[in-house]
Amino acid sequence: FSTASTGIYWNYESTPSALMKLDSPNAVGYPNYTEDYATGLFRLPDSFSLNMKFPRAGVVYFRAYAKIDKDYLWTPEKQVKVIIK
């Protein structure tokens with residue numbers, strides 16, 4: 001398998017609704033995303049590494065996705081608490 005686009009979409013507001021495989025990133029409701037693997041050809045399965053910086057502390061909600069053929073495959077919404085020291 002391979003993907004032409006994969007990454008993480010995130011926001012400080014939750015949008016936990018279910019996403020279907022035809023739902024593009026426009027449907028997720030998170031305005032922020034990682035650009036590292038947004039375009040290209042990436043083999044699957046594989047490991048992808050990112051360094052993410054957040055502008056402020058708080059709970060960040062996110063979903064990972066990969067586009068395979070015409071399908072967008074999404075993880076359930078996850079969260080991480082960001083603490084800035």
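Here the side chain of T75 pairs a donor or acceptor atom with the backbone of A64 at under 3.5 angstrom. Panel note: side chain T34, backbone G7; no donor-acceptor pair is recorded below 3.5 Å.
Between V82 and V59, every side-chain heavy-atom pair lies at or beyond the 4.5 Å cut-off. F48 places a side-chain heavy atom less than 4.5 Å from the side chain of T6. The shortest distance between side-chain heavy atoms of V80 and F62 falls below 4.5 Å. A heavy-atom distance below 4.5 Å is found between the side chains of S2 and L41. The side-chain heavy atoms of V60 and Y12, taken from C-beta on, include a pair separated by under 4.5 Å.
In this structure, W10 is a member of the same hydrophobic cluster as I84, with clusters built from ILVMFWY side-chain heavy atoms closer than 4.5 Å. Connection of Y37 to L44 is established within a shared hydrophobic cluster, with ILVMFWY side chains joined at heavy-atom distances below 4.5 Å, either directly or through further cluster members. Hydrophobic clustering of Ile, Leu, Val, Met, Phe, Trp and Tyr side chains at less than 4.5 Å, counting indirect connections, keeps F54 apart from I83. Note on Y72 and M20: separate hydrophobic clusters, where clusters join Ile, Leu, Val, Met, Phe, Trp and Tyr whose side-chain heavy atoms are under 4.5 Å apart, directly or indirectly.
Between the CG atom of L50 and the CD1 atom of I8 there is a distance of 5.0 Å, given to the nearest 0.5 Å. Rounding to the nearest 0.5 Å places CG of L22 at 10.0 Å from NZ of K70.
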- Message: Pair V28, Y9 - check side-chain contact (heavy atoms from CB on, under 4.5 Å), show working.
- Response: CA-CA 8 Å; V28 75; Y9 278 75; 4.1 Å; yes

- Query: So Y61 and Q79, side-chain contact (heavy atoms from CB on, under 4.5 Å) or not? Walk me through it.
  - Reply: CA-CA 4 Å; Y61 300 91; Q79 61 181 297; 3.8 Å; yes

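Scanning for side chain to side chain donor-acceptor pair (under 3.5 Å) contacts around Y65 gives S5, with sequence neighbours left out. Residues satisfying the side chain to side chain contact (heavy atoms under 4.5 Å, CB included) criterion with E13, sequence neighbours excluded, are N11.
At a cut-off of 3.5 Å, with distance as the only test, a side-chain donor of Y30 or E77 sits close to an acceptor on the other residue.
Taking every heavy atom of both residues into account, K21 and L73 meet most closely at CB-CD2, 4.2 Å.
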